[in-house]
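Only this structure's heavy atoms are used, side chains among them; waters, hydrogens and symmetry mates stay out.
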Amino acid sequence: VSSFALPDHVYARFRTVSFERLERIEAMWLALTHGGGDAAGEDGMYRDLHTLKGDARVVGFVDVAVLCQRLEDMLAAARARRYRVHEDVDIVVNMGLQFIGMLLRKKQGAARGGIDLDGFLKQLEEVLAEWLRRSSEAPALGAPAPVPLRVGDSNDLGSTASRDRISVAATSVYLESLRVGQGAARSRLRDVWRVLAREVALADATPLAPVVERHASAVTQLAQELGKSVTVVRDVKDAAVPLHAIDAINTAVLHALRNALDHGIEPPEMRRAAGKPPTGTISVRAIAEASGLAIVLQDDGGGVDLARVRERAIAKGLLAPDATPTEADLLEVLFVPGFSTRDAVTELSGRGVGLDAVRAAVVRIGGKVDLSSTAGHGARLVMRVPQASRTIDANVFRGVRTGVLFAVPATWALAEAGKAPPQPLDLAEALALPPSGAPAPASVLELRRDAAALFLSVGAPPVQRQVTRLCPTPDAEAFEIVDVGRTEAVLVRPERLSAEQRGSGR
Amino acid sequence: VTTVLVADDSEIVRGVVSFVLTRSGYRVVEAERVSQIVPAVQRESPDVALVDLATPGVSAAKVVASVRAAAPACRIVVFADRADAELSRLVATSKADAFVRKANPGMLTRHLERIAPP
């Protein structure tokens, strides 16, 4: 009977009492998981949660009751393990308590306002199941297993649906943190937000090591078939690359390694004659750079024979006989499809491998490849992989009654302030943010995209900035949290605002 | 008029039940603690006692027996947030008369009307 309405004072009292319970539960959970707490307090925690559940049921806050039930299961499992819980369990318990708080704040009967409860419940179940599984494998005593357990772990890594779900949940947690005012609740919510944003970032990155590992051992084997000897030194640690780039990187690393073996590393007798150890070395390193990741392949082979490259380039008509190419020009020739400085078609180059394939793959994902060489001492190939583009252009401005920064994508163009409607939209109000600080003098900003116009109350003129997407939400979502250089802003997609959020401003 | 005693340690549950039942024409009296149940039964002679008998540390059978001794005609209804199967077991072991699951208040009136109309 969802239409059943109780008097306002009942809801008000329910909220007050429930928040008190939440606070006690949170404090006791903190104590218990840090080796403190007493039996009476522990019993009180279960009683509080159980009563909260029953209250929520009779008052008609079904979501809260469902969440309480899940938390009861979680707490019971934690009790059985004397509260030696994994960090992730601690996080979801705290998140669960925060979510209950968020649901309690909602008006009775109001939409969930972007709270992805189903997604969160699923996540809670996953963490619980995973934890139970892991802890049943672990010895009964001792520290919790130091296995990092992630939301949407490994096999779920490619699931953009799961990533989106977490992004949306993270965004609503952040927005809620703006509503609760300064203090412990805010910093708690911000912690939850950071954890979720990190999960999103992790879900979008895939480790490089397995790719390098696979090709390194293949190349070592291939070396034997070619009568060569090579050691591939790997130093990629926990470097990760964007999910969408992994296939291209796989191809690039494969061809780069084969190329280094085929064209770089000399046969043992030749190496001995040059005073080198008979076994060649190819090192693969991953270096984090500001703009992304550099995968560096260095070999101690013969280096590029520039004179020979020149000869062949002329023979193939790639270079005029009287040209005076620089070293860089000649190295560039190596990337021309099908070019090879070898006369004999080897097993490897016969398959059409080469630097052209490396470059094609890396360029496809927006990266670039550089080659340098020292005659007699080897070559160095640097493949630069950009981070997934996480920046967008936006107009950033401060809200009217609040210190919060807002951003609107620059696809909404600034229009000359013409005739403003009587009531421009106040984003702080649309988000139900509490007023803070002195009210700034409001001016009206007009934004246009195609035929649509939007009038916003702003506290200061907008500045166009490149903002970084911290936790990208799908395009269908109205809000997202972005970084505006050391501080965060709420990115708004005006076209996605609900009629309710637009209020009378439109 | 039918008098209902609501015994529950949650003021919210008591408040909601009181509101709903009063609106449906019942007279409602409340008890917060288990120790207040028998005095309230003696004082108010309710027709129905809604008692949360699924509270840890409370012997349901003992509570039922003491209410019966104080008011033999009072119908005793187990009122708790548990699965139906569990509630019906609790009714059997405690020798109560019926159970009503703690759920939304609309359902409460409907269930209670079957046990004792207002």
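In this structure, CG on B:Asp8 lies 8.0 Å from OG1 on A:Thr51, to the nearest 0.5 angstrom. Distance check: B:Ser10 OG to A:Arg21 CZ gives 5.5 Å after rounding to the nearest 0.5 Å. Here OH of A:Tyr11 is found 11.5 Å from CD1 of B:Ile12. Values are rounded to the nearest 0.5 Å.
Applying the 6.0 Å contact sphere to CG of A:Asp8 captures no more than 12 heavy atoms from other residues, nucleotides or ligands. The number of heavy atoms from other shown groups lying within 6.0 Å of CD (A:Glu23) does not exceed 12.
What you find for B:Lys102 and A:Arg57 is that their closest heavy atoms are O-CD, 3.4 Å.
In this structure, B:Val20 and A:Leu6 have side chains that are in contact, with non-hydrogen atoms separated by less than 4.5 Å.
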